[in-house]
Amino acid sequence: QVVVRDISERMKIEEKLRESEERYKSLFNDSKAVMLLIDAENAQILDANAAACNFYGWSYEEITKMKISELYLIPEQDVLEEIKKALFYKSKCFIYQHRLSNGNVRDVEVYSTSLQIKGRTILSSIIHDITQRRISEEALKENELKYRLIFDNNPQPMWVYDSDSLRFLTVNNAAINKYGYSKEEFLSMTVKDIRPLEDIPDFIKNISETKNELQRSTNGRHILKDRTIIYVEIHSHSINYENTNARLVLGYD
C-alpha cells in the first residue's frame, strides 16, 4: 500500500524560512553599522558582519573565536553582569569602552536585543563609535565651566533673563551683592521687578523694538532691595540659555 502525503504547504513554509534567513543574512552582512551576535550564556561571539571586522581590526575567523569580554576594558565577570542587564531590559542602550586589535580604545554605544534561536538566547548588538562625540561633549563641558567661572566671578553684576517671560534665569555673585536679593529671590522675579513702575513701559517698548543683538543703554534706573534707586549702564546681547531664548546682561552702576 502506498501512502501519498501532500507536503506542498510544508515546502512553502520552508521556502519562506529560507528566504527570510537569506534576507536577514544580507541585511546583517551588508549593513554599514557594526553588528555582532553573542551567545548570552558564555559570551562567545557567534557572528560578526564586515563592518564589525573593519571597525575592530580582526578578521572574521579571529573575531568569531573571541568572547565579547575580550573587547572590554572591564573584568569578564563584569561583562557577564552587563549581559544579564541587557537580557533583563530586553532592548537597551549601554555605553562602554571597547579595544581594537591595534590597542586603541574607543567609546561605544551598544544597543542589544535578545533573541531566541534554536533554544539558545542570543544577543544581537549594534555598536556605534561615539568617541568623537564624547570628546566634543567633554570640550563643551570644559568651555561651559570656563564661562561659568567668568560669569560667577565677574566683579560687575551680570544676569540672564528669558526674552519672552522676562524672568531671571541666573545671576552672578556681584548682582546678588549689589542688589541685595538672594539668588533664590532673583529667580522668583522678572527684570521688571528691579525697575521703578514709571520706567517699565519705556523698558518694555525698548526691548520689543530693539533689533540689535548687542545693545547698550545708559541712564536707566534700577531699584535695590532696600529701595535705593541707582542709575545704570546696561550692555546686553541675545544668547541661547538651556534651550531658552534669553539675554545676557552686564550692568554698571
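The model shown is predicted, which means the values in this text are computed figures rather than measured ones.
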Heavy-atom closest pair (Ser163 atom, Leu166 atom, distance to 0.1 Å) is O-CD2, 3.8 Å
Might you point out which heavy atoms bring Asn49 and Ala33 nearest each other, and give the distance in Å? ND2-O, 2.8 Å
Are Glu81 and Lys84 close enough for a salt bridge, meaning some N to O gap below 4.0 Å? yes
Please collect all salt bridge (charged side-chain N to carboxylate O under 4.0 Å, His left out) contacts where either partner lies in residues 57-80, sequence neighbours excluded, each pair once. Lys67-Glu76
Nearest heavy-atom pair of Cys53 and Ala48: which atoms, and what distance? SG-CB, 4.5 Å
Glu137 and Arg133 ion-paired at < 4.0 Å: yes
In sequence, state the C-alpha distance, the side-chain angles, and the governing distance for Val34 and Tyr56, and then conclude on side chain to side chain contact (heavy atoms under 4.5 Å, CB included). CA-CA 9 Å; Val34 176; Tyr56 289 106; 3.8 Å; yes
Not counting sequence neighbours, which residues clear ring-ring contact (aromatic ring centres under 6.0 Å, His included) with Tyr60? List them please. none
Could you tell me whether Glu41 atom CD has more than 12 heavy atoms of other residues or ligands within 6.0 Å of it? no
Taking atom types as modelled, find out whether Glu82 and Tyr96 have a side-chain donor-acceptor pair closer than 3.5 angstrom. yes
Looking at residues at least two apart in the chain, or sitting in another chain, which of them share a salt bridge (charged side-chain N to carboxylate O under 4.0 Å, His left out) with Arg221? Glu198, Asp199
Whether the Thr190 and Arg167 side chains hold a donor-acceptor pair (N or O, under 3.5 Å, no angle test) is what I'd like checked. no
Count the heavy atoms belonging to other residues, nucleotides or ligands that lie under 6.0 Å from OH of Tyr231, then report whether that count exceeds 12. no
Side-chain contact test, heavy atoms from C-beta onward, threshold under 4.5 Å: evaluate it for Ile223 versus Ile229 and give yes or no. yes
Within the 4.5 Å heavy-atom criterion, are Asn153 and Ile150 side-chain neighbours or not? no
Does Arg134 pair with Glu138 as a salt bridge, N-O distance under 4.0 Å? no
Identify the two heavy atoms, one from Ile68 and one from Ile45, that lie closest to each other, and give their separation to 0.1 Å. N-CG1, 3.8 Å
Let me check something: any side-chain donor-acceptor pairs from residues 181-189 under 3.5 Å, sequence neighbours excluded? List them with distances.
| from | atom 1 | to | atom 2 | distance (Å) |
| --- | --- | --- | --- | --- |
| Ser182 | OG | Glu185 | N | 3.1 |
| Ser182 | OG | Glu185 | OE1 | 3.4 |
| Glu185 | OE1 | Ser182 | N | 2.8 |
| Glu185 | OE1 | Lys225 | NZ | 3.2 |
| Glu185 | OE2 | Lys225 | NZ | 2.9 |
| Ser188 | OG | Glu185 | O | 2.7 |

For Leu87 and Ser114, the nearest pair of non-hydrogen atoms, with its separation, is CD2-CB, 3.6 Å
Restricting to salt bridge (charged side-chain N to carboxylate O under 4.0 Å, His left out), what partner residues turn up for Lys205, sequence neighbours left out? Glu209
For Glu233, all residues meeting salt bridge (charged side-chain N to carboxylate O under 4.0 Å, His left out), sequence neighbours excluded: Arg216
Whether His222 and Tyr179 hold their rings parallel, tilted or perpendicular, with breakpoints at 30° and 60°: tilted
